[in-house]
Amino acid sequence: MILDWLERRRLVRKGLACDKTRLSQSEDTLPSRLESSWLTRLFILGFFIVLLHLGVAWGKPGDNREDQILAFIVFICGLMLLELDCREVWCSNSRLVLLLGATWLNLVMVKVLFLVWPTDDPAALARLYFLSPCTFAPFLVTLLLGTRAGLFAVVQVSMIASLLTGQHFTFLLVSLLSGFTAVYFTQNVRKRFDLIKAGVAVGCLNLLCAIVLGLVHRRSPDALALQALFGIGAGIGTALLVSAILPVVEWLFQITTTISWIELADLNHPLLQQMTMEAPGTYHHSLLVANLAESGAKAIGLDATACRVMAYFHDIGKIIKPEYFTENIPPGANPHENLSPSMSALIIIAHVKEGVDLALKYRLKKQILEAIQQHHGDSVVTYFHQRALQQQQDAREGGKIMNMREEDVPDVSENSFRYPGPRPQTKEIALLSIADAVEAASRSLEKPTAQRIEDLVNEIIEHKIATHQLDECHLTLNEIRAAAEAMSVTVKNMLHTRIAYAKKDKSSASTVVQPSKRSSSAGSSTSAAA
């Protein structure tokens with residue numbers, strides 16, 4: 001590393017290298033190895049089992065081996081369910097830490113509440129059931145990891161918390177009902193205020209449970225009202241707490257929720273504003289690609305907002321040299337006419353690296369940066385590659401006339417015209433790649449009939465499959481077909497023709513007899529207004 005730096009400094013002093021370095025992602029492979037390591041996973045599970053053991057024993061005098069064994073059994077059964085039904089969390093060590101960490105923290109909150117407020121009075125104990133923040137982990141996990149992981153958190157928190165608090169069936173029932181309600185109302189949260197609504201829903205359920213249980217146990221009206229108030233406050237308060245810490249957890253675990261995607265969809269971002277001024281054609285292209293990617297995502301049940309935001313930023317690298325991209329080139333002024341095909345391809349391909357530079361500089365989300373890197377995969381810049389091949393053929397034909405050897409004509413390397421990749425790794429980026437190609441190709445349709453549009457979309461998808469650009473994104477053929485149909489409909493709506501308005505025949509209008517000066521002026525005014 002030091003020798004490389006010294007060599008670079010020597011070349012810079014001689015004017016043979018540039019002193020500037022390009023921003024790039026960290027190439028350290030240690031985090032990626034830890035993310036999927038079985039040894040790391042076993043350490044995480046062992047660590048949380050120890051924490052669980054300490055949590056059960058904490059503040060509980062006497063022999064509590066029975067509770068520890070039961071908690072261990074519940075935890076192991078939950079892990080088995082997680083491995084069967086939520087593989088994406090089980091196979092990601094960072095997400096497993098998030099899930100188990102949120103669950104354990106929720107259990108600590110419940111345990112602390114019962115230790116700080118010890119009581120043997122049944123009415124006071126019932127108030128603690130409703131005051132306990134058992135929906136903390138379900139709220140947080142559902143927002144970050146999805147509904148299935150949220151259900152895991154509900155079962156784990158409810159069952160283990162009931163063991164921590166003395167095996168109370170009533171507490172288990174209330175905790176399960178409030179947790180399932182939290183997951184149900186959080187699964188479609190799109191704004192932070194929606195999370196507060198979910199907290200209100202949990203509070204209303206707690207209110208209902210408090211009334212029913214209070215009537216069953218014949219509580220006094222004052223006790224019933226107090227536990228109902230505690231239930232409503234716990235639901236809303238937990239939702240507010242989750243909303244407050246959500247940005248920090250997103251940053252720590254590099255997860256982007258729907259709430260954050262909607263905030264990123266604001267077109268007033270400085271990069272997008274810069275694009276409107278310096279590359280208006282690219283900006284318009286990005287908006288159309290966003291519509292296509294969003295329609296495809298909705299058709300197959302992906303996060304449409306994430307696809308839209310990725311499309312907004314996927315071509316931000318074109319801001320650096322906007323005049324070299326076709327959507328920004330005015331008619332009759334093509335700068336590529338004075339460049340060699342290899343130089344033109346180099347400029348075109350560089351917009352991916354320039355986009356990564358800008359994404360790192362403005363600290364865009366990791367998913368957006370990956371979309372910038374992967375939306376072209378390792379495909380070839382076909383136009384300039386074919387142009388280079390044609391120039392090579394012309395040079396060889398001319399060389400025959402001048403008695404030149406064929407080996408004197410330089411070969412055209414396909415790798416010089418290939419994007420650096422990698423290929424799309426997620427379904428969302430694969431849809432973005434298809435939408436980008438469809439929007440660009442649709443500009444060349446002279447008579448965009450419905451059949452021609454469908455054929456164009458299918459042809460682009462077939463080409464991407466044939467060139468292996470969709471091999472690593474896990475899109476199924478059914479999903480590709482559904483997305484293609486949705487994109488075809490969107491392109492038809494974008495390219496629909498309008499009725500041509502009939503123009504007034506000037507020659508016939510001039511033959512109309514105007515009876516008077518006043519009526520003539522009125523008629524001209526009416527014509528102008530029309």
For the pair H284 and E327, evaluate side-chain hydrogen bond (donor to acceptor under 3.5 Å, both in side chains) and give the outcome as yes or no after the intermediate values. CA-CA 9 Å; H284 182 254; E327 64 266 23; over 6 Å; no
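Side-chain contact between M159 and V155 is present, with at least one heavy-atom pair separated by less than 4.5 Å. Under the 4.5 Å side-chain criterion, counting only non-hydrogen atoms from C-beta, D436 is not in contact with L292. Counting heavy atoms from C-beta on, the side chains of I368 and L264 come closer than 4.5 Å.
Within the 3.5 Å criterion, the main-chain N or O of L34 finds a donor-acceptor partner in the side chain of N93. Under the 3.5 Å distance criterion, the side-chain polar atoms of D378 are left unmatched by any main-chain donor or acceptor of R423. Between the side chain of T142 and the main chain of F139, no donor-acceptor pair closer than 3.5 Å is present. Side-chain N or O atoms of R41 include one that pairs as donor or acceptor with a backbone N or O of C91 at under 3.5 Å. Side-chain atoms of S340 come within 3.5 Å of backbone atoms of M343 as a donor-acceptor pair (strictly under, hydrogens ignored). Side-chain atoms of D194 come within 3.5 Å of backbone N or O of K191 as a donor-acceptor pair.
With ring centers used as reference points, F313 lies under 6.0 Å from H269. Between H336 and F384, the ring centre distance stays below 6.0 Å. Side-chain rings of H314 and H376 stay apart, their centers remaining 6.0 Å or farther from each other.
For the pair S433 and P424, the tightest heavy-atom approach, listed with the atom from each and the gap, is CB-CG, 4.3 Å.
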